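Contents: one structure, followed by commentary.
Computation of the quantities below employed the complete heavy-atom set of this structure, encompassing side-chain atoms and omitting hydrogens, waters and symmetry-equivalent molecules. For reference, positions follow the sequence shown, starting with 1. Predicted model, so just to flag it, every value in this text is computed and none were measured.
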Amino acid sequence: MYAAEAAGTALLVVVGLSIVIAFWGKGAPLASLPIGMGERRLLNGFLVSCIGVAIAYSPLGKISGAHINPAITLAFWLEGKLRWRDAGCYVAAQLLGGALGAAVLFLLWGSIGASDHWAATVPGQSIPIAFAVGGEILCTFLMVALVFVFASRHATQRYTPLVNPPLFAILSWLEAPISGASANPARSFAPELVSWNWSGWWVYWLGPALGAALAVVLLRCDLIGRHSPSQARMCHFGHPGGNLPE
């Protein structure tokens with residue numbers, strides 16, 4: 001399970017952040033597309049999230065549940081669907097996968113990657129840091145809430161990973177100038193590591209953690225019905241893993 005989670009996160013970093021660099025790097029293949037900045041962000045967010053979808057439906061996702069995001073793991077643990085030891089090892093595996101992915105990214109993109117700071121997520125310039133934290137809270141809250149709503153119903157469980165591409169297309173379009181619309185500490189960790197630039201790193205831990213916790217708390221209040229997934233999975237429900245018995 002842990003190896004699958006590390007491999008899945010590494011793939012997300014290598015392929016997903018390669019898409020970001022291809023859009024925004026100096027001299028990158030997609031940098032000259034004749035589209036506006038907003039449309040570029042929207043397409044960027046959609047395509048990167050599609051990589052997560054592919055990992056979720058892959059054999060790797062079948063093994064680990066394809067969290068590939070410490071915020072998702074935190075949400076499942078808070079909901080009581082994951083043992084604390086497994087949750088801790090999942091997060092460690094995700095960070096290891098992020099580090100491995102960052103090394104591959106460095107080798108693949110060289111100066112083009114460096115020109116885009118290796119697809120780093122950073123708080124927007126001239127924007128109060130509290131706004132960046134709030135942006136990450138909002139992005140993660142919406143992600144976790146949608147995942148839980150879809151994963152808690154048998155009719156929609158199989159479609160759970162598909163909530164992210166349209167969501168992050170919209171979030172990247174609207175919110176990315178504020179914080180980068182990461183909602184994934186492991187995704188933000190990789191470019192921080194390869195560039196050794198840790199400015200504002202805590203935003204991408206505090207914001208997602210608070211957003212995930214807020215989503216779990218509000219969904220427990222039954223304001224829009226009870227939404228509790230049966231397993232700590234994004235896909236392939238019914239398979240064993242680090243899940244607590246129902």
Taking C-beta and beyond as the side chain, do [X] and [Y] meet within less than 4.5 Å on heavy atoms?
{"X": "Leu82", "Y": "His67", "answer": "yes"}
{"X": "Glu79", "Y": "Ser228", "answer": "yes"}
{"X": "Pro70", "Y": "Phe189", "answer": "no"}
{"X": "Thr9", "Y": "Ile55", "answer": "no"}
{"X": "Asn69", "Y": "Tyr90", "answer": "no"}
{"X": "Phe76", "Y": "Val216", "answer": "no"}
{"X": "Trp84", "Y": "Trp77", "answer": "yes"}
{"X": "Ser152", "Y": "Gln157", "answer": "no"}

So if you build clusters from Ile, Leu, Val, Met, Phe, Trp, Tyr with side-chain heavy-atom gaps below 4.5 Å, do [X] and [Y] land together?
{"X": "Ile178", "Y": "Val48", "value": "no"}
{"X": "Leu174", "Y": "Ile127", "value": "no"}
{"X": "Leu30", "Y": "Val15", "value": "yes"}
{"X": "Met143", "Y": "Met234", "value": "yes"}
{"X": "Phe168", "Y": "Ile51", "value": "no"}

Grab the two heavy atoms, one from [X] and one from [Y], that are nearest each other, plus how far apart they are.
{"X": "Ala75", "Y": "Val144", "result": "CB-CG1, 3.7 Å"}
{"X": "Pro191", "Y": "His117", "result": "CB-O, 3.9 Å"}
{"X": "Ala145", "Y": "Leu219", "result": "CA-CD1, 3.9 Å"}
{"X": "Cys235", "Y": "Ala56", "result": "CB-O, 3.6 Å"}
{"X": "Leu142", "Y": "Leu171", "result": "CD1-CD2, 4.1 Å"}
{"X": "Val13", "Y": "Ala102", "result": "CG1-N, 3.8 Å"}

Parallel, tilted or perpendicular: ring planes of Phe106 versus Trp118, cut at 30 and 60 degrees:
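Correct class here is tilted.
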Which value, rounded to the nearest 0.5 Å, describes the distance between [X] atom [atom1] and [Y] atom [atom2]?
{"X": "Asn164", "Y": "Leu146", "atom1": "CG", "atom2": "CG", "result": "8.0 Å"}
{"X": "Leu167", "Y": "Leu162", "atom1": "CG", "atom2": "CG", "result": "12.5 Å"}
{"X": "Leu60", "Y": "Leu12", "atom1": "CG", "atom2": "CG", "result": "12.0 Å"}
{"X": "Glu5", "Y": "Ser64", "atom1": "CD", "atom2": "OG", "result": "4.0 Å"}
{"X": "Trp201", "Y": "Ser188", "atom1": "CH2", "atom2": "OG", "result": "12.0 Å"}

With sequence neighbours excluded, what pairs up with Trp24 under the side-chain contact (heavy atoms from CB on, under 4.5 Å) test?
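For Trp24, the residues satisfying side-chain contact (heavy atoms from CB on, under 4.5 Å) (neighbours in sequence not counted) are Val20, Met37, Arg40, Arg41, Asn44, Asp116.
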Share the residues that join Leu96 in a hydrophobic cluster, the rule being Ile, Leu, Val, Met, Phe, Trp or Tyr side chains under 4.5 Å apart at the heavy-atom level.
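Via sub-4.5 Å side-chain contacts, Leu96 links to Leu100.
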Quick one: does [X]'s side chain have a donor or acceptor within less than 3.5 Å of a partner on [Y]'s backbone?
{"X": "Arg233", "Y": "Lys62", "value": "yes"}
{"X": "Asn184", "Y": "Ile68", "value": "yes"}
{"X": "Ser49", "Y": "Phe46", "value": "no"}

If we ignore angles and hydrogens, is there a donor and acceptor under 3.5 Å between the side chains of [X] and [Y]?
{"X": "Asp86", "Y": "Tyr2", "answer": "yes"}
{"X": "Ser179", "Y": "Glu136", "answer": "yes"}
{"X": "Trp109", "Y": "Ser18", "answer": "yes"}

Centroid separation under 6.0 Å, is that true for the rings of His227 and Phe148?
no
Verdict with supporting geometry, Val163 and Val147, side chain to side chain contact (heavy atoms under 4.5 Å, CB included):
CA-CA 7 Å; Val163 304; Val147 165; 4.2 Å; yes
By ring-ring contact (aromatic ring centres under 6.0 Å, His included), Tyr57 pairs with (sequence neighbours left out) none
